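Counting starts at 1 for both ligands and their atoms, in listed order. Counting from 1, the numbers follow the sequence of the chain as shown. Treat the numbers as computed from the prediction; the structure is a model and nothing was measured.
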Amino acid sequence: MESSESIISYLSQQEAGEIDELLMGPVGFSLDQLMELAGLSVASAIAEVYRSNEYNRVLVICGPGNNGGDGLVAARHLHHFGYKSCICYPKQTSKPIYARLVTQLESMSVPFLSIENLPKELSNFDILVDAIFGFSFKGNPWPPFDDLIRKLVSLKDHYQEHPKSPVVVSVDTPSGWHVEDGDTSGEGIKPDMLVSLTAPKLCAKKFCGPHHFLGGRFVPLSIMQKYKLQLPPYPGTCMCVRIGKAPISPKFHEKTMESDPFVQFQKWHDNAVEAGVKEPNTMALSTATKDGKPYSDSSSRMVSLKKVDQGGFVWCSNYGSRKGREISENPHASLLFYWNALNRQVRVEGFVQKVSEEESEEYFCSRPREIQVAPAVSKQSTVVLGREVLIQQCKELEEKYPQGSMMIPKPKDWGGYRLIPETIEFWQGDESSVQMRLRYYSQVIDGRKEWRILIIFIASIEWLMQPSKKLIRNPLLHPHSAPSPPPPPDPTTITNLILQSDNPNSLTQSLHTFTQWTPDLVQTILKRLWNHAPKALQFFQILYGHPTYTHSPTSFDHAIDIAARIRDYKSLWTLVARMRSQKLGPTPKTFAIITERYVSSGKADKAVKVFLSMHEHGCQQDLNSFNSFLDVLCKSKRVEMAYKLFKIFRGRFKADVISYNIIANGFCLKKQTPRALEILKEMVERGLEPTLTTYNILLKGYFRAGQVKEGWEFFLQMKKRNIEIDVVSYTTVIHGLGVLGEVVRARKVFDEMIGAGVLPSVATYNAFIQVLCKKDCVENAIIVFDEMLRKGYVPNVTTYIVVIRGLCHVGKMDMAIEYMNQMGDDCEPNIQTYNVVVRYYCDDGEIEKALEVFEKMSGGTCLPNLDTYNILINAMFVRKKSDDLVVAGKLLIEMVDRGFLPRKFTLNRVLNGLVLTGNQGFAQEILRLQSKCGRIPRHFRL
Ligand SMILES: NC(=O)C1=CN([C@@H]2O[C@H](COP(=O)(O)OP(=O)(O)OC[C@H]3O[C@@H](n4cnc5c(N)ncnc54)[C@H](OP(=O)(O)O)[C@@H]3O)[C@@H](O)[C@H]2O)[C@@H](O)CC1
Ligand SMILES: [K+]
């Protein structure tokens, strides 16, 4: 509604009276005609600002003159508009016009309340219409109107603090005000809305409430010209027109904002409708191509909002249009609403999904027929042979589906889109120099999508134009808010959400709603879920279907590793195939993982086959992958097999020092130092120089084989041959000597190395501390631990495990727990740490405490692994209590659920234990459950 205060004329009391006389004289109006139109204007203006669903109860206070008559008419129209009208009309006149108005109202059962019957608190009403005095008022109000006016004044004073007090609407003039000078005492009523009739009176200049309207659309041109009246034009068929800018009400304040952005949006949308914004549903939709480069590959256009629901913002379009194509490539999009009259903007960002076919059908059917024709004939963004062709097609379609016959079918590529928002930002311009933007962003907390609010204060645009003034970005904490910027999703929360969810659909929805996924975050969560393989794979699978996120090769490797660990080979190879189809791999690392898992599950032959068939999966074998595979075999003590392969393929892959080192190490791990030495000889013969690593491998081999003398001798030889001995060599010797009981010599080497210019590493400290714990005393170990700290070393998880184990070993459990609690954020206890504590508690018979630690793990960031379950289940037999065996049974179920295979022995033990302690029912349940998931051999029967 366009209008402006600058073009408005104001009438003196005298002019108002003169015009009144003219209207009812030469112009030919009757009083009741004018009053009818005036009252209708008042009701229309009220309905435009205060919707009947929010402001329903209206009290119209009518004075003794025509102003009161306007009030009676307005009350009738408001009643028809859906408001609950009540009238207070203390000085009724017997003139027929008024009597008729009263009769009309009475016949509609609109109640008339005497002053005595008025509720004490007028606050029972939502709207109070002041139709007491109009332009003929003079002097001070007489009783009983003085009291009524005072009531209106005090009501405002009383309710100033309250968020929703009744609003006061004055008809033509605020009653009690001087018609020209206004509220001279400053103590008169302060209406929220003034509906000036015919033209505003001079006192209206002093009106400073939020809504000033003009009504009385009956002034003829002759009067306009005679009095040089400048009045805003009435738009369309409206009975009233706003004077001046629509205020933004309620004031944009974070405290008045809803916690749900959809509710907030609805409110603002309603306000836009109320304020008469043209096409409040029109929004700019911006989409982008896959790479989404701004300016070049993004595009915007206006579309019409179809509906808003808790899922998102819906509109309809041709799926083949440019926006449709861009959305199919890149579902990220944004919507922008701008409601000019309110100076408000809402920005919505998120990702777009097509609505279901049924929903689209529904939208199409709900369209008027004329609008159905257009999408049915037009293929958007395609070149048409000419306007005539389109018109002809429309005609043909209309002939084919004549009005009232069959419905026009929905075109196949026409339908709805829904933008699921990630952020919704509300902005409102106001006159102050600092403006506020309120951004809602979604987070998934405990499985539920929750909205957080971020408040951004920003200097006004004018300020920004001046380079000297700084942009203020000052996030405030709000009851619903979190600090800026929106924090990255918290892995713990997401992990717990996944662990606790037993509804895959809602989990999928939550995880898909979330669009801030990064490979790092995904990997962190996969690691957290490492010991709950089924959940980890479910998570991976859900994100595989995410509309915008694509897994990284590393995440694929993690998932493959997990699938392989639980021997779900079908999933494993599906993942490999997907990785390949997405051109993300499989990489040599993927195969290193797969072969290692096959080997560790006793399928070394299969591992060899996999290695030899790598190229069939698009990953060529090379020296590196060959070495990795040899290493896998050697570390699982299959050095003979490795050596055989090595001899077959060393020519093809051009075996290098690393290949030889791996085989030598394989022999050392099997305590076969002479064979390792042979390998060393062989490599030299083949012209390959041994490296320091080669020597270190042999050095370690000697100590591992318990050959202290040979080991020491070898170490001396290394020195003698001027081999640059490094920290690994020293650490090997310290550890080797210590473990074999030579603590004093170990300490000597430890002290010596610094003199030799080699600084100990954390690994050296770890080795030395371990030696002291095992072969000396834990107190000395702690002295070294403290020394390590003093020297500025940062202990790692291994350091802590070594100390904790040492403490547990001598029964200092409390101290061990203290050390565990000391482990900070950078060095959180891992599963081995927990297992040490659980194991020692169990060994000490402190089953409850062990279970306590276990509980903590399950609810925290470190899930129990196979060892944890085995330790605990075994401990449940110690006390020979029936309850303990039930716990063991539950643990068994849980471990299987999490993808761990119990050993046959453990399974039998638990089942037999349950039967022996009278828990047959539970035993049977376990069997049923487990054989259902195929984890337990079917032949096992009770
Ligand atoms: N184009 C137009 O002009 C149109 C005008 N219209 C409407 O008519 C309104 C003007 O109506 P109006 O002339 O009847 O006078 P209004 O202000 O209602 O009240 C006067 C009454 O109050 C009384 N009164 C006076 N002072 C008082 C006091 N201190 N304390 C107590 N009482 C006092 C006075 O008593 P009296 O002086 O007669 O004894 C009389 O009874 C105008 O504002 C608009 O709303 C529309 O309907 C149609 C088009
Ligand atoms: K009034």
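The number of heavy atoms from other shown groups lying within 6.0 Å of NZ (Lys307) is above 12.
Using a 4.5 Å cut-off on side-chain heavy atoms (C-beta onward), Asp192 and Tyr50 make contact. Looking only at side-chain heavy atoms (C-beta outward), Asp147 and Ile115 stay at 4.5 Å or farther from each other. Between Gln13 and Lys201 there is no side-chain heavy-atom pair separated by less than 4.5 Å. Proximity of Tyr227 to Thr198: side-chain heavy atoms (C-beta onward) are nowhere separated by under 4.5 Å.
Using a 4.0 Å heavy-atom cutoff, Thr198 is listed among the residues neighbouring ligand 1. The closest approach between a heavy atom of Pro141 and any atom of ligand 1 is below 4.0 Å.
The protein non-hydrogen atom at the shortest distance from atom 27 (C) of ligand 1 is Phe137 CD1, 3.7 Å. Protein heavy atom at the shortest distance from atom 16 (P) of ligand 1 is Gly134 N, 3.4 Å. The protein non-hydrogen atom at the shortest distance from atom 48 (C) of ligand 1 is Leu34 CB, 3.7 Å. Nearest non-hydrogen protein atom to atom 4 (C) of ligand 1 is Asp20 OD1, 3.7 Å. In terms of protein heavy-atom proximity, atom 41 (O) of ligand 1 is closest to Pro64 CG, 3.5 Å. The closest protein non-hydrogen atom to atom 20 (C) of ligand 1 is Ser136 CB, 3.9 Å.
Comparing Trp142, Phe218, Phe135, Phe133 against atom 22 (O) of ligand 1, the shortest heavy-atom distance belongs to Phe133. Nearest-residue assignment for atom 43 (O) of ligand 1 (options Asp172, Asp32, Ile223, Leu197; heavy-atom criterion): Asp172. In the candidate list Asn140, Asp70, Asn66, Ile149, Asp70 is nearest to atom 44 (C) of ligand 1, counting heavy atoms.
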Given Tyr98 and Asp32, is the side chain to side chain donor-acceptor pair (under 3.5 Å) satisfied, shown in steps?
CA-CA 9 Å; Tyr98 300 94; Asp32 51 357; over 6 Å; no
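Distance remark: protein heavy atom not present below 4.0 angstrom from atom 34 (C) of ligand 1. There is a protein heavy atom less than 4.0 angstrom from atom 6 (N) of ligand 1. Distance screen at 4.0 Å: atom 37 (O) of ligand 1 has no protein heavy-atom neighbour inside the cut-off.
Seen from the K ion (ligand 2), atom OG on Ser175 and atom O on Phe133 lie at an angle near 80° (rounded to 10 degrees). Geometry at the K ion (ligand 2): O/Thr173 and OD1/Asn67 form an angle of 140°, nearest 10 degrees.
With hydrogens and angles disregarded, a donor-acceptor distance shorter than 3.5 Å links the side chain of Arg57 to the backbone of Asn124. The backbone N or O of Cys240 lies less than 3.5 Å from no partner atom in the side chain of Arg217, so there is not a single donor-acceptor pair.
Trp339 and Trp268 have perpendicular rings, their planes meeting at more than 60° on a 0 to 90° scale where under 30° would count as parallel.
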Extract all donor-acceptor atom pairs below 3.5 Å that involve side chains of residues 70-78 and protein atoms in other chains or at least two apart in sequence.
{"residue": "Arg76", "atom": "NE", "partner": "Gln104", "partner atom": "OE1", "Å": "2.9"}
{"residue": "Arg76", "atom": "NH1", "partner": "Glu36", "partner atom": "OE2", "Å": "3.1"}
{"residue": "Arg76", "atom": "NH2", "partner": "Glu36", "partner atom": "OE1", "Å": "2.8"}
{"residue": "Arg76", "atom": "NH2", "partner": "Gln104", "partner atom": "OE1", "Å": "3.0"}
{"residue": "His77", "atom": "NE2", "partner": "Glu36", "partner atom": "OE2", "Å": "2.8"}

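Nearest heavy-atom pair across Ala204 and Leu194 is CB-CD2, 3.7 Å. Across all their heavy atoms, Pro141 and Phe133 have their closest contact at CB-CE1, 3.8 Å. Closest heavy-atom contact between Ile243 and Pro200: CD1-CG, 4.1 Å.
Listed by atom number, the atoms of ligand 1 under 4.0 Å from Leu23 heavy atoms are 1 (N). Applying the 4.0 Å criterion to heavy atoms of Lys138 picks out, from ligand 1, the atoms 26 (N), 27 (C), 28 (C), 29 (N). For ligand 1, the atoms closer than 4.0 angstrom to any heavy atom of Met35 are 47 (O).
Under 4.0 Å from ligand 1, heavy atoms of Asn67 appear from its side chain as well as its backbone.
The K ion (ligand 2) has Asp130 among its coordinating residues (N/O/S atom, backbone or side chain, under 3.4 Å). When distances to the K ion (ligand 2) are checked against a cut-off of 3.4 Å, Val171 contributes an N, O or S atom below that limit.
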